[in-house]
Amino acid sequence: MPNLDVAALRKHLAARTLSRVYVFLGEDVKLVDAMVDAVEATVDVADRPFAVDRVYAGEQGGAPVDIAASCRSLPMLGDRRLVIVMRAERLLKPKRAGKATDDEEEEEEEAAADGERASTDLTPLEEYVAAPAEFATLVFVATEIDRTRRFTKKLVEKAQVVEFSGIRAEPRSGPAGANAAMVKARTFVQEEMTREGRTMEPAGVKMLVSRSGADISKLRGDIERLLLFVAGRNAITAADVEAVASDGATVVDDWAVTNAISAGDAALGLRELALRFERGDSPHGIVGQLRWWVSSQLASGAPDRVKPALDALLRTDLALKSSGGEDQVLLERLVVELTGRPLMRSRSSW
């Protein structure tokens, strides 16, 4: 099948004329997440618990046999079933324990944080992709794939492949490629500011792009944090960028988020939270840490703030568990809500 661009995918979603199999491929993770949410939005909210499965490859429910079975299950409500496979590179470009031929498609892959391992025998998926159910849409979401593998070859022949490219220069493109990537990134920032009805100082644009390290997801994340930080202000300065956008070279301190909230410094809290996500920390673990901070530190330092803080924690926890928004955005809002006047005591290693 020919590849789709993002504009064509949006048309598919607007018309609710979904293909049977998609591959969302690329490093623009935030845009991919938005498109995954848009795919889910094609199913009525009331029907989603019964008609939508979002699984992680290699984890519980994310083995090939489970994915294929889920796709073949008739939707209990509505007329369409959605199965979305996150981290699909675990299936489409797994780490090999050793050299293998195309016929040796059975490998073991790291599955979940608890150390369980899942089979990656792709036969059930290969059979499903060859004859997908008319009532189901299967979406593989991967940052990269190995197009030389037998299953991946068959998949890209059958699927609508949507590429979400980043802003990095090709390794062999030299200085000209690096300059072109820089121009592309600056244009992207300016277009985002225009779309949001904001302006940014040229020095701020340059700093923001430089600190992104050619990582489109980090650049998008920094822009989102900036918009949250400046609230209603239309003009964004270089000082705002300095306050919010991390340079990627900072050592991650596990307690820096809570320390920043204790100090009443929302900008620092957002920056440190971004570092935690870049490191791959669990959003649920971060919420647990913030819950501890509220019960042990806020309760003694500012008891009048405890009830609204607990309400914010509960709201965020429920949203995380029900896929009620992007994890990082939910946590960013929580950090802003928890930050108030500085507490009397703010230590670096609670």
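Between atom CG of residue Leu320 and atom CG of residue Leu331 there is a gap of 6.0 Å, rounded to the nearest 0.5 Å. One finds the NZ atom of Lys307 at 13.5 Å from the CG atom of Leu298 (value rounded to the nearest 0.5 Å). Interatomic distance, Lys93 NZ to Arg149 CZ, rounded to the nearest 0.5 Å: 11.0 Å. Note that CD1 of Ile84 and OH of Tyr22 are 11.5 Å apart. Values are rounded to the nearest 0.5 Å. In this structure, Arg276 CZ and Gln328 CD are separated by 12.0 Å, a value rounded to the nearest 0.5 Å. Rounded to the nearest 0.5 Å, atoms CG (Leu9) and CG (Leu4) are 6.5 Å apart.
Nearest heavy-atom pair, Gly204 versus Val241, reported as atom, atom and distance to 0.1 Å: O-CG2, 3.7 Å. Looking at every heavy atom in both residues, Leu91 comes nearest to Pro64 through CD2-CG, 4.0 Å. Residue Thr339 comes nearest to Gly264 through the heavy atom pair CG2-C, 3.5 Å, listed as atom of the first residue, atom of the second, then distance. Contact detail for Val43 and Ala51: the closest heavy-atom pair is CG1-CB, 4.2 Å. Ala57 and Ala88 make their closest contact through CB-CA, 4.1 Å (heavy atoms, listed as atom of the first residue, atom of the second, distance). Shortest non-hydrogen contact noted between Val306 and Ala299 is CG2-CA, 3.5 Å.
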Under the side chain to side chain contact (heavy atoms under 4.5 Å, CB included) criterion, do Glu59 and Val55 qualify, and how do the steps go? CA-CA 8 Å; Glu59 299 184 11; Val55 301; over 6 Å; no

In sequence, state the C-alpha distance, the side-chain angles, and the governing distance for Arg211 and Glu242, and then conclude on side chain to side chain contact (heavy atoms under 4.5 Å, CB included). CA-CA 10 Å; Arg211 291 190 171 190; Glu242 176 70 30; 2.9 Å; yes

Applying side chain to side chain contact (heavy atoms under 4.5 Å, CB included) to Val189 and Met200, what does each step give before you reach the verdict? CA-CA 9 Å; Val189 172; Met200 185 183 294; 4.2 Å; yes

Any chance you could lay out the side chain to side chain contact (heavy atoms under 4.5 Å, CB included) test for Arg333 and Thr316, step after step, and finish with the verdict? CA-CA 9 Å; Arg333 290 173 181 166; Thr316 303; over 6 Å; no

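By the rule that hydrophobic residues join a cluster once side-chain heavy atoms approach within less than 4.5 Å of another member, Met207 and Ile216 end up as members of one cluster. Connection of Val329 to Leu270 is not established within any shared hydrophobic cluster, with ILVMFWY side chains joined at heavy-atom distances below 4.5 Å, either directly or through further cluster members. A single hydrophobic cluster is not seen to contain both Phe164 and Val29; linkage of ILVMFWY side chains at heavy-atom distances under 4.5 Å, directly or through other members, places them apart. In the hydrophobic clustering of ILVMFWY residues, with side-chain heavy atoms under 4.5 Å counting as a link, Met35 and Met86 come out together. Under the 4.5 Å side-chain contact rule for hydrophobic residues, Val32 and Val162 share a cluster.
With sequence neighbours excluded, the residues that form a salt bridge (charged side-chain N to carboxylate O under 4.0 Å, His left out) with Arg315 are Glu337. Residues forming a side-chain contact (heavy atoms from CB on, under 4.5 Å) with Leu314 (at least two apart in sequence, or on another chain): Leu318. In this view, Asp265 satisfies the salt bridge (charged side-chain N to carboxylate O under 4.0 Å, His left out) rule with no residue, not counting sequence neighbours. Residues passing the ring pair (Phe, Tyr, Trp, His ring centres under 6.0 Å) test with Tyr128, sequence neighbours excluded: none. Taking the side-chain hydrogen bond (donor to acceptor under 3.5 Å, both in side chains) definition, one finds that Asp79 meets it with nothing, sequence neighbours left out. Asp5 meets the salt bridge (charged side-chain N to carboxylate O under 4.0 Å, His left out) test with no other residue; sequence neighbours excluded. Checked against side-chain hydrogen bond (donor to acceptor under 3.5 Å, both in side chains), Arg16 has no partners two or more places apart in sequence or in another chain. Every residue two or more places apart in sequence or in another chain that forms a side-chain contact (heavy atoms from CB on, under 4.5 Å) with Val129 is listed here: Phe151, Leu155, Lys158. Remark: Asp66 pairs with no residue by the salt bridge (charged side-chain N to carboxylate O under 4.0 Å, His left out) rule, at least two apart or across chains.
Glu163 places a side-chain heavy atom less than 4.5 Å from the side chain of Asn3. Under the 4.5 Å side-chain criterion, counting only non-hydrogen atoms from C-beta, Leu18 is in contact with Leu82. Using a 4.5 Å heavy-atom threshold, the side chains of Val65 and Asp121 count as separate.
Distance alone, capped at 3.5 Å, places no donor-acceptor pair between the Arg90 side chain and the Tyr56 backbone. Here the side chain of Ser73 pairs a donor or acceptor atom with the backbone of Ala69 at under 3.5 angstrom. Arg186 places no side-chain N or O within donor-acceptor distance of the main-chain N or O of Val209, the cut-off being under 3.5 Å. Without hydrogens or angle criteria, Asp44 side chain to Ala46 main chain gives no donor-acceptor distance under 3.5 Å. Not a single donor-acceptor pair under 3.5 Å links the side chain of Ser70 to the backbone N or O of Ile67. Proximity of a side-chain donor or acceptor of Asp317 to a complementary backbone N or O of Leu313 within less than 3.5 Å is not detected.
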Name every donor-acceptor pair, under 3.5 Å, that has one atom in a side chain of residues 225-240 and the other anywhere in the protein, sequence neighbours excluded.
unit_1	atom_1	unit_2	atom_2	d
Arg225	NH1	Gly221	O	3.4
Arg225	NH1	Glu332	OE2	3.1
Arg225	NH2	Asp222	OD1	2.4
Arg233	NH1	Ala235	O	3.1
Arg233	NH1	Asp240	OD2	3.0
Arg233	NH2	Asp240	OD1	3.1
Arg233	NH2	Asp240	OD2	3.4
Thr237	OG1	Ala239	N	3.3
Thr237	OG1	Asp240	N	3.1
Thr237	OG1	Asp240	OD2	3.1
Asp240	OD2	Thr237	N	3.0

If you look only at distance, which donor and acceptor atoms sit under 3.5 Å apart when one is on a side chain in residues 134-143 and the other is two or more places apart or in another chain?
unit_1	atom_1	unit_2	atom_2	d
Thr137	OG1	Ser19	O	2.9
Thr137	OG1	Arg80	NH1	2.7

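Pairs of residues two or more places apart, or lying in two chains, that qualify as salt bridge (Lys or Arg N to Asp or Glu O under 4.0 Å) and include a residue from residues 194-208 are Glu192-Arg195.
Side-chain atoms of Thr258 and Trp292 include no donor-acceptor pair closer than 3.5 Å.
When each of Leu273, Val257, Ile286, Leu275 is checked for a side chain to side chain contact (heavy atoms under 4.5 Å, CB included) with Asp281, only Ile286 meets the rule. Among Arg81, Arg48, Arg54, the single residue meeting the salt bridge (Lys or Arg N to Asp or Glu O under 4.0 Å) criterion with Glu40 is Arg54.
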